[in-house]
Amino acid sequence: MDVRVTNVRKEFDRFPALHDVSLDIHSGELIALLGPSGSGKTTLLRLIAGLEMPTTGRIYFGDTDASEWTVQQRNIGFVFQHYALFRHMTILENVSFGLKVRPRSTRPPANEIRRRAMELLDLVQLSGLEKRYPNQLSGGQRQRVALARALAIEPAVLLLDEPFGALDAQVRRELRKWLREIHDRTGHTTVFVTHDQEEALELSDRLCVMSQGKVEQVGTPDTIYDQPSSPFVFGFIGESSHLPVNLNDGDIRFGSLSLGQAAGPLSAGPARLFFRPHDVDLVDPGTGLNGAIVASRRVGGTRRVELDLGVGQLVEIDVPFDQPFNQSGAISFRPRRWQLFPAAERGI
């Protein structure tokens, strides 16, 4: 099922939570709505679900205008962060619930409901636990039940709101891989909200990065990470450092130092140069940016070093963990990959 959000604005007591948002969600894809708190991602998810109605703009399911449809008419499967399971029902009863409450004309026979629920429990790797109650399961198991319940109604669109937010880091990593496998097997159009960039990059076919009620960029994980379209996206996705620079006659300069790199198509004047801490080359003193070491810490197999480049400008770079250096000394480096943005463009 394709979903198309067209020029949607949503206000709460005249406060705009979404500003003219448009987004095309492709049938069968898994797309992440990613952004900081207050960016509008959960509001957009609730609009797609039919839990909220747009102030202006339209929402289409396929070629049909579904803007005024109820949740039931949209046939949405919804998975919440805190499971929302019925505590007085067994796991089997929870998974079967959406089918049992259907109108009599569309309700499957009892034996068909049980068969489908048992198949889904097997799919989510909970076979043998159907007689237990939610409080007898771990957090990760309860979230699997919530997903099985959402899938039981054979939804047109599956929506997940911070589905792993209440779980510890190790369980989150395990469930991310599992959810991707479930999606590939079932092929549902799936939209999930997260503020965890690692989760979004690992799970999704495409990301929709949001900020302040607007869509900043939509693209594949590789495109978003390697070709961010704005300072905000560069700063929000992955680790980054940036420098205030000046562009002069096609040259990039930090203070009086020429970086020896071409400025590209941007006009002369102030700009900001963004780079990833791992995208640097260590160079001989005097042949690149020179910074005094302020602090360092281990990050996986590298050492993250904070440097003071002078005039209060701090940046972080990664150096090999076995790289010998004096903790009170200095390091010279040059960005290997970078991106320039006009100084006026807003960042994080």
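Please read these numbers as outputs of a predicted model, since none were measured by experiment.
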Would you call I331 and I293 a side-chain contact if the rule is heavy atoms closer than 4.5 Å?
yes
We want to know whether T220 and D222 form a side-chain donor-acceptor pair, criterion being a heavy-atom distance below 3.5 angstrom.
no
If we ignore angles and hydrogens, is there a donor and acceptor under 3.5 Å between the side chains of H188 and T186?
yes
Student check: side-chain heavy atoms of P155 and V157 closer than 4.5 Å:
no
Side chain to side chain contact (heavy atoms under 4.5 Å, CB included) for I76 and F61? Distances and angles first, verdict last.
CA-CA 11 Å; I76 293 293; F61 277 38; 3.9 Å; yes
Could you verify whether a donor N or O on one side chain and an acceptor N or O on the other, from E199 and T194, lie under 3.5 Å apart?
yes
Are L30 and R180 close enough that some pair of their side-chain heavy atoms sits under 4.5 Å apart?
yes
Do NZ/NE/NH1/NH2 and the carboxylate oxygens of R115 and E119 come within less than 4.0 Å?
yes
Residue from V319, L307, V305, D281 passing side chain to side chain contact (heavy atoms under 4.5 Å, CB included) with F333
L307
Taking the six-membered ring of Y60 (Phe, Tyr or Trp), confirm whether the NZ or CZ of R4 is under 6.0 Å from its centre and within 45° of its axis.
yes
Is a salt bridge present between E198 and R176, judged by a nitrogen-to-oxygen distance below 4.0 Å?
yes
Check ion pair R172-D196 (N to O, under 4.0 angstrom)
yes
Side chains of N290 and S332: do they bring a donor and an acceptor to under 3.5 Å?
yes
Between Q217 and S229, is a side chain to side chain donor-acceptor pair (under 3.5 Å) present by the stated rule, with each step listed?
CA-CA 7 Å; Q217 187 175 359; S229 63; 3.1 Å; yes
Step-by-step side chain to side chain contact (heavy atoms under 4.5 Å, CB included) determination, M89 to Y133
CA-CA 6 Å; M89 292 184 182; Y133 289 86; 5.6 Å; no
In terms of ring plane angle, is the pair Y225 and H278 parallel, tilted or perpendicular, where the classes change at 30° and 60°?
parallel
How about L137 and L129: do any of their side-chain heavy atoms sit closer than 4.5 Å?
yes
Applied to residues 232-245, the side chain to side chain donor-acceptor pair (under 3.5 Å) test, sequence neighbours excluded, yields none
Test item: side-chain donor near acceptor, R173 and Q170, under 3.5 Å:
yes
Between E29 and H26, is there a donor-acceptor pair closer than 3.5 Å when you use the side chain of the first and the backbone of the second?
yes
Does I317 reach the side chain of F275, with side-chain heavy atoms less than 4.5 Å apart?
yes
Does the Lys NZ or Arg CZ of R272 fall within the cation-pi geometry relative to F234 - under 6.0 Å from the ring centre and within 45° of the axis?
no
Would you say CZ of R9 has more than 12 non-hydrogen atoms from neighbouring residues, nucleotides or ligands within 6.0 angstrom?
yes
Any chance CG of D63 has more than 12 other-residue heavy atoms, nucleotides or ligands included, within less than 6.0 Å?
no
Show, in sequence, the C-alpha distance, side-chain angles and deciding distance for E306 and R297, and conclude whether the salt bridge (charged side-chain N to carboxylate O under 4.0 Å, His left out) test is met.
CA-CA 9 Å; E306 186 177 14; R297 65 186 189 278; over 6 Å; no
Classify the ring geometry between F236 and F232 as parallel (under 30°), tilted (30 to 60°) or perpendicular (over 60°).
parallel
Is the CZ atom of R185 crowded by more than 12 outside heavy atoms at less than 6.0 Å?
no
Verify, without hydrogens or angle tests, whether T189 (side chain) and G28 (backbone) share a donor-acceptor contact under 3.5 angstrom.
yes
Distance-only, no hydrogens or angles: does the Q313 side chain make a donor-acceptor pair with backbone N or O of L243 under 3.5 Å?
no
Side chain of D308, backbone of G310: donor and acceptor closer than 3.5 Å?
yes
